[in-house]
Amino acid sequence: MPEMPEVEAVCRKLRTSVAGLIVDGASVWRCGTPAIAELAIGKKLLRVDRKGKHILIRLDGGVTLHTHLRMSGNLRAIPDHRMSPANTRILLRLSNGTGIILEDPRALARMDAIPTSEIDAKLSKLGPEPLSPDFTPDYLITTLRSSRQPIKLFLMDQTRVSGLGNIYVAESLFRAAIDPRKVLRTASVKKIERLHSGIIGVLTNAVQSACNAFSSPGHFEEFEFPCAVYGREAEPCLECGGKIRRIPQGGRSTYFCPGCQK
DNA sequence: AACACGACCTGGTAGC
DNA sequence: TGCTACCAGGTCGTGT
């Protein structure tokens, strides 16, 4: 579920339902430390920010709940804090009877309570967000010139660009017609510009779809981006009709169309 | 410094 | 049916 577009949708949804409420209680079963309860209880929820895939719940008193959903986590408000579902790892009970839950079947997600003043240092290594003004073609050209990594692995590296994951990297490379195994150290400016606009195109689209899906009353967990290559091994390419391939890269699956992506 | 790899966890599914 | 092996959208620590 959670790459940047999904995390953005989680944040937008959370923002509308919890701002201004007080944390009355907290239970931490897994995915966090008891410090969350010590630091959060009695504090007011000010706002919810996001950087890359990191969610920052700002509390008054200079405390921030830093959350990462990793592979299978989800963070959402529930109407009654006495009714938390299975797989709830952390529950924040709020002053109006509602709650915020961190749920994760695999228990890989993490939440920490840390001083707001330490957040910037903690996230300082993250690269620019792909939809921010800092992510320019020039930035991409300069950083690619100094890297010997295959482009797939480069784009997965959160210190280069923050927010992309396996799905949207695959889809961006397909849109830009670039082979994920290629090193772009000496690639033409034109090709890198194509990649830049591919990433922005895919993510703009994905943020919009994720937010629409999450704001509808149904089960947002079922949101799935309509992928051209990701998860479509051996199926026909939507452009050329050739077979989509899956190969291992960096210990995980890469999907691409050998016919279209050069 | 840059990169590769295993560990962290659990649940679903394909194959025997 | 039941077992095993493998797969899953991420990140971190360790080793080369």
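Excluded from the calculations below are hydrogen atoms, water molecules and symmetry mates; all remaining heavy atoms, backbone and side chain alike, are included. Letters go in sequence order (proteins before strands), and every chain restarts at 1.
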Distance-only donor-acceptor check, side chains [X] and [Y], under 3.5 Å:
X	Y	result
A:Lys125	A:Thr159	no
A:Asp104	A:Ser72	yes
A:Arg160	A:Thr143	no

Nearest listed nucleotide, side chain of [X], among [options]:
X	options	value
A:Arg160	C:dG10, B:dC3, C:dC7	B:dC3
A:Met156	C:dG10, C:dG9, C:dC7	C:dG10
A:Pro105	B:dG11, C:dA8, C:dT11	B:dG11
A:Lys53	C:dT11, B:dC9, C:dA8	C:dT11

Discussion item. Over all strands shown, is A:Gly251 touching base, sugar-phosphate only, or nothing at heavy-atom distances under 4.0 angstrom?
Written reply: nothing
Discussion item. Under 4.0 Å, heavy atoms only, any strand: does A:Arg252 hit a base, just the sugar-phosphate, or nothing?
Written reply: base
Worksheet entry | DNA chain B-proximal residues of residues 138-151 of chain A, any heavy atom under 4.0 Å | A:Ser147, A:Arg148, A:Gln149
Just to confirm, is there a sub-4.0 Å distance from OP1 or OP2 of [N] to any side-chain nitrogen or oxygen of [X]?
X	N	result
A:His68	C:dG10	no
A:Arg89	B:dC9	no
A:Ser253	C:dA8	yes

Worksheet entry | Ring-ring centroid check A:His196 A:Phe135, cutoff 6.0 Å | yes
I'd like the [atom1] distance from [M] over to [N], given in whole Å.
N	M	atom1	result
B:dG6	C:dC7	P	13 Å
C:dT11	B:dA1	P	22 Å
B:dA7	C:dA5	P	16 Å

Practice prompt. Using a strict 4.0 Å threshold on nitrogen-to-oxygen distance, state whether A:Asp120 and A:Lys122 make a salt bridge.
Written response: no
How long is the line joining [atom1] of [X] and [atom2] of [N], in whole Å?
X	N	atom1	atom2	value
A:Gln249	B:dC5	CD	C1'	15 Å
A:Gln158	C:dG9	CD	P	14 Å
A:Lys51	C:dT11	NZ	P	14 Å
A:Arg106	B:dC8	CZ	P	13 Å
A:Met71	B:dA7	CE	P	15 Å
A:Met4	C:dT11	CE	P	13 Å
A:Arg110	C:dT11	CZ	C1'	11 Å
A:His54	C:dT11	NE2	C1'	8 Å

Worksheet, complete the sentence: pair_partner(C:dG9), Watson-Crick or wobble, both distances < 3.5 Å, evaluates to none
Practice prompt. Look through every strand shown and name the nucleotide pairing with C:dC3 as Watson-Crick or G-U wobble, where both distances are under 3.5 Å.
Written response: B:dG15
Item to complete: Before giving the answer on ring pair (Phe, Tyr, Trp, His ring centres under 6.0 Å), spell out for A:Tyr168 and A:Phe225 the whole-Å C-alpha distance, their side-chain angles and the decisive distance to 0.1 Å.
Response: CA-CA 9 Å; A:Tyr168 297 119; A:Phe225 187 72; 5.3 Å; yes
Worksheet item: Which pair of heavy atoms, one from A:Arg93 and one from A:Ala26, lies closest together, and at what distance?
Response: NH2-N, 3.6 Å
Practice prompt. Mind running salt bridge (charged side-chain N to carboxylate O under 4.0 Å, His left out) on A:Arg175 and A:Glu171 for me, showing each step along the way?
Written response: CA-CA 6 Å; A:Arg175 189 176 290 212; A:Glu171 296 301 309; over 6 Å; no
